[in-house]
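These numbers come from the heavy atoms of this one structure, side chains and all, not from hydrogens, waters or symmetry mates. Note on naming: letters A, B, ... go to the chains in the order of the sequence lines (proteins, then strands), and numbering restarts at 1 for each one.
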Amino acid sequence: MDIVHIATPPHWHGIMSVEAAKAGKDIFCEKPMTRTIGEGKRVREAIAQHGNIFRLNTWFRFKSQFYGLGTPVKPLKKLIDSGMLGWPLKVTISKHTGFDWKFYWVGKTHLEPQPIPEELDYDLWLGPAPYKPYNPHRVHQTFRGYWDYDGGGLGDMGQHYIDPVQYILGKDHTSPVKVEVDAPQQHPDAVGTWRSITYTYEDGCQIVLWGGDYGNPDTPYIAGPNGNVYKNFVCDIPNWEKKLADYPEPEPQISEFLTSVKTRQKFALNEENGFRSATIVNMGAVALRLNRTLHFDPVKLEFVNDEAANRLLDQPARAPWNI
Amino acid sequence: MKKIYLPIGALLLTASLWAQEPQGRTASTIVADVLAQMPAQKQAEYNKLLQSLTTTGEDGVAMLVKMINEPGKGNNSQVEYALSGLTHYVMATGNESARLTTANAYGKVLEQVSNREIKAFIIRQLQLVGKDESVPVLAKYLTQDNLAGPAARALVSFNSTKADNALTAALQSVKNNVSIQKDIIQAIAEADATGVEQALLDLLATQDQNLQRVTLYALSQIGSVTSLNALGALAEKSAFTMENTGANEAYIALIKKLAADGNTQAAEAAANNLLSKATKLGKTQTRNAALEILLSIQKEKGLKLVLAALKDASKEYRNAALDYTSSIVNDEVYVTLFKTMDKAKPEPKTDILNWIASQSECPVQREAIRKVMIKFDQPATELIRKQVKNNDFGVKEAAVWALVKLGDPNTIGDISALLTSSDEQVVKLAQRALASFKGDISTPVVKAIDKSKEAGKIAGIELLAQRKSSANLNTVLAQTKSDNESVKKAAYAALKDVVEERDLVNMCGMLETADASTIVPLQQAVITAVSGMSKEAQVSTISNRMLQAGESKKHLYYIVLAQTGDAKALSVISEGFAKGQGASKDAAFEALMSCNGLEAADALYAICKDSSAPGYFDRAMNAYIKLVSNVQYTGENRLIRLRKAMEIAKTDAQKVAILRQIERTGTYLGMLYAGEFLNEKPLQQAAANAVMNIALGNKSYTGENVKTLLNKVKEVLDNPDAGYQKQAIQKHLDEMADEKGFVSLFNGKDLSGWKGLVKNPILRAKMKPEELATEQAKADEKARSTWSVQDGVLVFNGKGDNLCTDKQYGDFEMYVDWMLDPAGPEADAGVYLRGTPQVQIWDTARVKVGAQVGSGGLYNNQKNPSQPLKVADNKLGEWNSFYIKMVGDRVTVYLNGELVVNNVILENFWDRSQPIFPIEQIELQAHGSKVSYRNILVKELKRAEPFQLSEQEKKEGFKVLFDGTNMHNWTGNTVDYVLEDGCISMKPSTAHGGNLYTKDEYKDFVYRFEFQLTPGANNGLGIRTPLEGDAAYVGMELQILDNEAPIYKDLKVYQYHGSVYGIIPAKRGFHKPMGEWNYQEVVAKGNRITVTLNGTVILDGDIKEATKNGTPDGKQHPGLFNEKGHIGFLGHGSPVKFRNIRVKELKK
C-alpha cells in the first residue's frame, strides 16, 4: 500500500498522518489537517523528515466554483496579484458573501452517559482524546460538536473557506498575528455558535468570519484601499477586466494527487500551506474557548503572552497514542 | 430619562483590580448571580461576571464544585460554564493572585470529591490553570489507576522542573502497574523530563507491546548516547520497518535528537550505519530519514551524499535528497547541482529541474539562482534553456516551468519557440507556461505564430487574446484569412479581445460582409469596440451605422444594441422585430432574448401577444417568465407579472412553469391564485405544491379560505412523498390559529357587498334614518351606473362617486389590487379608511400635483407624514398591489411589497379636532378617471376594548387621555411611541428620539396610568414641563425605573422610581414582578407631590421644603416651580408600555 487516506474524525488526523509519514506512505488527509496547532507542527516535521507527498482534501484554491461567491478562485488570485486593489486587503467570509457558517455542529452541554454499543471500540475511537463517559452524540457524525474531537462549524468548513483566502492573499508561509472573537461564552466540552472571528496579519491584511446571519449584507468579499470585489466577481475598479489582461495567469499548481505521487513534487495543497490554513482555524478555536483576543508569533508558532492559549496549542495525548 | 453615570468599579475590566463588591453581597449571592447568567453572551459581560466570581476566592470554587452532579444524576452545564470560564479568565496574564487562589481551591476540593469523572474534570482545570503549587496534589494521583493519565497530562502542561520531577519520581512507585506506567512514561516523554533513562531502558524488556512502544518513544525524546545501542538493536530486529512498537521510528528520532543536541559524532556514526543497512534492505523511508540527519550534521559537506542519492533508482529517495538539500544551499551547491543536472539521465534530470523550480518560488532563492554562474561566461540558467530543447517531454516540461518560475524575460523566446512544434503536447505546455509568464509575451508569440503549425498558431492566437494584446491586432487579422478552418475560427474568436475603439469601422465593415459562420464573433468584436463609449454614444454610433448598412444588413447590429441595456435601443430592436422578416426578424428576436430587465420583459410579452408571430411564442414566453421571476423583484410584483403570463400561456408546460414561479413568491395572493387551478388536471400538482408550500411556509396565512384550499390540496396531491406531505398539511391545519382570516369583498361578478356614497361620516351621523335611506338609494343607483364588473375586474368609468363597503370595519388588514387607466385623464384614485381619505393612488407622472412621490401615502395628513417612504409604483397601466393594515388610528401600507407607510396616524380629515372614527366603511375613491380593482380582501382584527373610566372616576370628572385606540391627545415623538396592542409602546430607535407629551397643559391634577417595564428600563414622567428641553430640569420629572436591575444598584436615593428626580427620594420595593402591569397615581397640588404605586404611597413631599437648603442633587432645576405644563413620557432608550391614562384637573 502506497497511499493512506485519512478519513477519521479530526482528533486522529495528526497521529495518523505522522505514523503514515514514518511508514513511508503518501497521505491524503481530510480537513481540518489537525485538531491542534501543536499536532500540525509535528505533521509538518514528520513529512519534511521522511519526504512523503501530503495533500488535504480541500480543493477550492485550484478548482471549482467557490461556494456562493459565484466565481472560481483563480481570477481572484490574478486580480490581487496585479496590485490593483491596493494593500492591505480585508476578506470577509460570511453568508452575505456566499459562505454559510452553519451551526449544525453544536454540541450538547449535557450528555447522559449511555452504555457503549457492542460494535464500537469506544476506547479506540477516543484514541488520544481524554476519556469521558460515552454518549452517542459524541460519535456518530455529531462528533464535530465537541472540542475534544473537532471545532464545530469552524472546524468543519474552516479550511474549505479559509485556505483559498490564504492563497489569494499570498500568506501560505505565515500566520495571522492576532485573532479576536465575538461569541457567546463557550462550554468546555460542547462547541457553540459565534458571531465573528477576525484574524489580522502583520501587514494589516485581515480575514473576517461572520457566523449565521451576522454582519452587514452589503460588505464586499475583498475590500482594498483602491477597490472592492463583491459576490459574483463584481469589482468596482473601472475597466478592471481590460487592465487585468496585462497580467499573467497565476502559476498552475499540481492538482492531480497521483501526479504529485509520481513526480514527488508537492501537491497544490500540502503539509506546508495546509498547516498554515489549519492553524488559522485552530487559533480561532483557542480564542473562542478562552473568549479573549490572542496574539500569535508566526515564526515561533506559539501564542504571545498567554500561557493558557499555549496549553491549548500542544495538548498532551492519552497513552499509548503519541505524535 | 436621565443619563445615569454608574460607578466606575462596576464596569471597568482592569484585570488586576478586584471589583468593589458592595457590602452584603455574599459569596453565595455572587455565585448564584454568576450561574444565572451563564453562558455570558458578550465578552464584556463575561469578563465582568468572572471578575466578580474571583472575589469569592476558594469558597466560590468549593461551592461550585459541590454543585457538580455525578454523571447521569443531573445537568452540570451552568456549573461547567462557570468553572471553565473562571479557569480561562484567571489564567490571563496579570491575574496571578486570582490564578493562585483558584488553583489552590481546585487542589483542595479535588481531595473532597470522590467521583472519578468529577475529579477528572477538576484535574483538567488544573491542566489549564495550575503551576508549581499544584504539583503535590496532582502527584498523589499519579499512582491511582483511573486518574494517573489525566494527572500526568496535567503535569506535562505545567512545563516545569518541579512537575517533571513528580513524574520521574512516580515512575519508581508504579513498577508493576503497566497501565499507569504507560501514562507516566508518555508524560515523561512529552515533558522532556530527565533522569530516568536507565529506568526506561530496563523497562524495554517488557512483554506488553503498548508499554514497550511508549517506552521507546520516551527514550527517543529524552535519551542520550546511552540508549543508542538498545534502540538500534530493536530497530534492526524490525528490519528497519514500522511495527507495533515503533522501534525503528524511535531509533531514528533518537539519532536526530542527538544530532540536534550537538552529539554529532555519535549521531553521524549511527546515521551512516543506518543509511547503509537500510539501503541494503531497500527501506526507502529509513534511508530518507538517515540521509536527512546526515545532511543536517554535515551541511554542505554532505553534498556528495546528495549526488550519490541522485544516482539512485528510487525516485522517492532522489527527491527526498533534493528536499533536504534545500536547507544547505549556497552558490557552490547550486553550481554542482546544475552541472549534475546537465549530465544526468532524463529521470534525475527532471527531478533536479523540478527542484530548481520549487526553489525559485522563494524570492531570495530566485534571485540567487538567477545570478549563479557555471563558468565565467555561462549563467546557470543557460543550462535550463538547453533542456527546453530536450526530446524527453518530462525534462522539457520541468525545464519550462523552472524558467517560468525564475521569470527572466529573456527566456520567453525559448518557450515561445516551442509553439512551432508539431507535437501538440509541447504546444500546450508552451501555451500554459507563457500564460503564466510575467511580462510581455506578445512579441515573441507573434514571431512564433508565423512559423507554427495549426496547434501553435491557435495557441499563439489564444495567448494574444488572453493578454488582450491590441497592439497585435494585425497578426490576428492576418490569421482570419488562414486556409486552415480551425486557425481561422480561433482568430475570429480572438478579435473581441484585441480590438479597440479605433477598429470599430473596420469591424463593422467585416461584419457587414461576413459569411454566416463568422457573424457571431464579429458581433462580439463590435461590442468590444464600442464598450468604452457611454451608453448614449454607443446607441447613436450603432444607430448611424445601421442606417449606413441599409435595410438588408442593419439587423446584424441588433445584438450590439441589446447589450447597451438602453431603453431606446430596446425599442429599435422591438420595432425591428415587428417590421422585419426572415433572418432580420430572427436577429431581432435573438437580440431581445439576450436582454434583461422589465423593458425587455415587456417587449417579449408584446411578441407573445403578437398573433402574427406565433413561431416565437414559446421562447419568448419562457424568457418572459424567467425575467419577471428574478428575485430582485418583490414577490408581489413577480406575481402581478406572472399572472399576465398565465393569461396568455398556451401550453400546460408553460402554465406549470408559471405556477412554480408563483410558488416562489411566497405571497398570500399568490397562494389564492394558484388555488384557482386545483381543478385543472394537468396543472393540479403544480398548483397543489404552490398552495401547500406557500401556506406551510407562512403560519400567518390563516382563515377559512386557507383551510379550504389546504383540504383540497390534501385530496389531490399525488406523488411519492404525498403521504408525508398530507401529514404535514394536517399538522399545519391542526395548529392553525383559529381566525376567520381574509374574506373577499368582491365576488368578481357584481357589486354585492358595496353601496354608493352619501356625504361623509359626520353628516351621515346627523341624518335621520329615513333621510339617510333615501339618499342611500339614490347613491346606489348612481354607483351602479358608474361602477361595473368586466372580466372579473371591478371598473370605475371615471364619472361618479366613491364605492363603499356595506359593512363597517374597525381594525383590519386589507389587500386591494389597483390599476390606473393610462387614458386618465389625470389618473387618480384612492382608498378611504374608516370613511376618511385616504391612501393615495395617482399617476406619478403628474409632477404638477406632486405625484412623483409615489402612491400609498396618507395624502390628506397635515401634521403626520403624508408622503410614502419611497416610490414603489409600477408603470402606468400596470397592476399594483396594496397591503394595508389599520390598528387604532395607525396605518401601515405596503405597495407592491415595499413598505411605504410605517405605522402612521391617519388624521380625521372631516374634523381634525377629533381622532379618526373607530369604525366606519372602507371606500374606493372616485377621482374623475378610470380605474380598475381586483383581489379585494379584508381580515378583521380583534380589538382590545377601549379603556373606560370607572363610575367613580366619571363622577369625579376624570378625562381619558389614552384609551388604547388612538394617540390623539398626545404630541411629540409619535414615531417611537406607538400604538400597539392597546398600549402606548416605547420602541427605542436610534433614528428618531424625543419625548411624548400631552397636547394640553395642566396645573394641579390627579394623573393615573399603568406601566409595564422591561429589565433595566429607564423612562420618566415629566410634569409641568414645556415641550422642549430636559423635563427633569425645565419642569419636573418623576422617575420611572426598573429599580432592581443590577446596573442601578449604586444610584443615589433620589434617582429611583417615583422620586422627584434629584429632589425627593421615593420608597423602593413596591414594583410588581418584572413583566406585570403596575398602576400608579400622581397628585400634583401646588408644591405637594404624592406618588402612589400599586396602592402604596411611595412619595409624599413638598418640593419647597426639600430644596430649602438647595437642591439635593446640587443641580439647577429652573422649572421646578412651574405653575403648569405638559405631562410627558421621557426617554427613548428602553422598551416600556403605558395604558389606561386619565387625568383629573384640580381646581384651586
Side-chain angles (χ1 to χ4, degrees), chain A residues 19 21-25 48-52 109-113 130-133 173 181-190 192 239 241-242 244-252 262-266 289-293 305-308 310-312 314-322, chain B residues 38-43 46 71-72 75-77 80-81 84-85 88 91-93 117 120 124 127-129 149-150 153 156-157 182-183 185-187 189-190 210 213-214 217 242 249 256 284-285 288-289 292 315-316 319-320 323 350-351 354 358 404-405 432 435-438 466-468 497:
Chain A
E19 288 300 296
K22 289 179 183 170
K25 307 299 173 197
Q49 184 171 8
H50 293 278
N52 325 73
T109 60
H110 171 57
L111 290 173
E112 288 285 338
Y131 180 83
K132 289 182 186 167
H173 299 287
V181 296
D182 176 16
Q185 175 182 0
Q186 300 294 309
H187 187 264
D189 186 40
N239 253 337
E241 273 152 324
K242 176 85 211 256
L244 195 57
D246 277 339
Y247 293 90
E249 292 294 295
E251 282 164 23
K262 287 197 198 115
T263 63
R264 311 312 299 168
Q265 301 308 305
K266 280 205 205 303
R289 295 175 74 176
L290 295 178
N291 205 11
R292 54 179 177 257
T293 298
N305 206 20
D306 200 317
E307 167 85 21
N310 283 325
R311 291 194 187 185
L312 288 173
D314 264 310
Q315 297 173 33
R318 208 164 60 109
W321 306 108
N322 54 60
Chain B
M38 290 283 104
Q41 292 304 305
K42 299 232 166 111
Q43 246 177 56
Y46 169 85
N75 188 327
N76 295 322
S77 307
E80 286 167 346
Y81 275 116
S84 75
H88 295 143
M91 204 40 189
T93 311
E117 294 310 322
R124 286 197 292 271
Q127 178 173 340
L128 293 168
V129 80
R153 294 194 286 278
V156 171
S157 292
K182 279 185 283 190
D183 290 324
I185 294 172
Q186 175 138 318
E190 294 189 348
N210 277 335
R213 176 191 174 78
V214 166
Y217 170 63
M242 179 181 270
E249 295 68 45
K256 195 170 162 80
T284 312
Q285 74 277 14
N288 292 352
E292 195 244 351
K315 196 170 174 79
E316 261 184 66
N319 280 286
D323 269 345
T350 308
D351 295 333
N354 281 332
S358 72
V404 172
K405 297 208 176 162
R432 281 179 21 242
S436 300
F437 214 112
K438 230 188 204 113
Q466 192 174 51
R467 291 292 170 100
K468 295 206 196 298
D497 291 306

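- At least one side-chain heavy atom of B:Ser436 sits under 4.5 Å from a side-chain heavy atom of A:Pro252.
- Between B:Glu117 and A:Pro133 the shortest side-chain heavy-atom distance falls below 4.5 Å.
- In this structure, chain A has no heavy atom under 4.5 Å from any part of B:Thr284.
- Only the backbone of B:Phe437 comes within contact range of chain A, with heavy atoms under 4.5 Å apart.
- Residue A:Gln265 touches chain B through its side chain alone, counting heavy-atom pairs closer than 4.5 Å.
- For a residue to count as touching a neighbouring chain, one of its non-hydrogen atoms must lie under 4.5 Å from one of that chain's; by this rule B:Glu190 touches chain A with the side chain only.
- Interface residue B:Gln285: backbone and side-chain heavy atoms are both found under 4.5 Å from chain A.
- Contacts between A:Lys242 and chain B at a heavy-atom distance below 4.5 Å involve backbone atoms as well as side-chain atoms.
- To the nearest 0.5 angstrom, B:Gln41 atom CD is 10.0 Å from A:Asp182 atom CG.
- Within the 4.5 angstrom heavy-atom criterion, atoms from both the backbone and the side chain of A:Gln49 approach chain B.
- Listed here is the closest heavy atom pair of A:Thr263 and B:Asn319: O-ND2, 3.8 Å.
- With chain A as the partner, the residue from B:Asn76, B:Asn288, B:Asn354 showing the most heavy-atom pairs under 4.5 Å is B:Asn354.
- How far CG of A:Asn322 is from NZ of B:Lys182: 12.0 Å, rounded to the nearest 0.5 Å.
- Within the 4.5 angstrom heavy-atom criterion, only side-chain atoms of B:Lys256, from C-beta onward, approach chain A.
- For the atom pair CG (A:Asp246) and CD (B:Gln466), the distance works out to 11.5 Å, reported to the nearest 0.5 Å.
- Side-chain contact between A:Val181 and B:Gln43: present, with at least one pair of heavy atoms (C-beta onward) separated by less than 4.5 Å.
- Contacts between B:Pro71 and chain A at a heavy-atom distance below 4.5 Å involve backbone atoms as well as side-chain atoms.
- In terms of heavy-atom pairs under 4.5 angstrom with chain B, the leader among A:Arg318, A:Glu307, A:Glu249 is A:Glu249.
- Looking at A:Ala190, there are no atoms closer than 4.5 Å to chain B (heavy atoms on both sides), in backbone or side chain.
- With hydrogens and angles disregarded, no donor-acceptor distance shorter than 3.5 Å links the side chain of A:Thr109 to the backbone of B:Ser77.
- Heavy-atom distances place the backbone of A:Gln186, and not its side chain, under 4.5 Å from chain B.
- Heavy-atom distances place the backbone of A:Pro250, and not its side chain, under 4.5 Å from chain B.
- Listed here is the closest heavy atom pair of A:Ala308 and B:Met91: CB-CG, 3.3 Å.
- Looking at heavy atoms from C-beta onward, A:Lys132 lies in side-chain contact with B:Arg124 at the 4.5 angstrom threshold.
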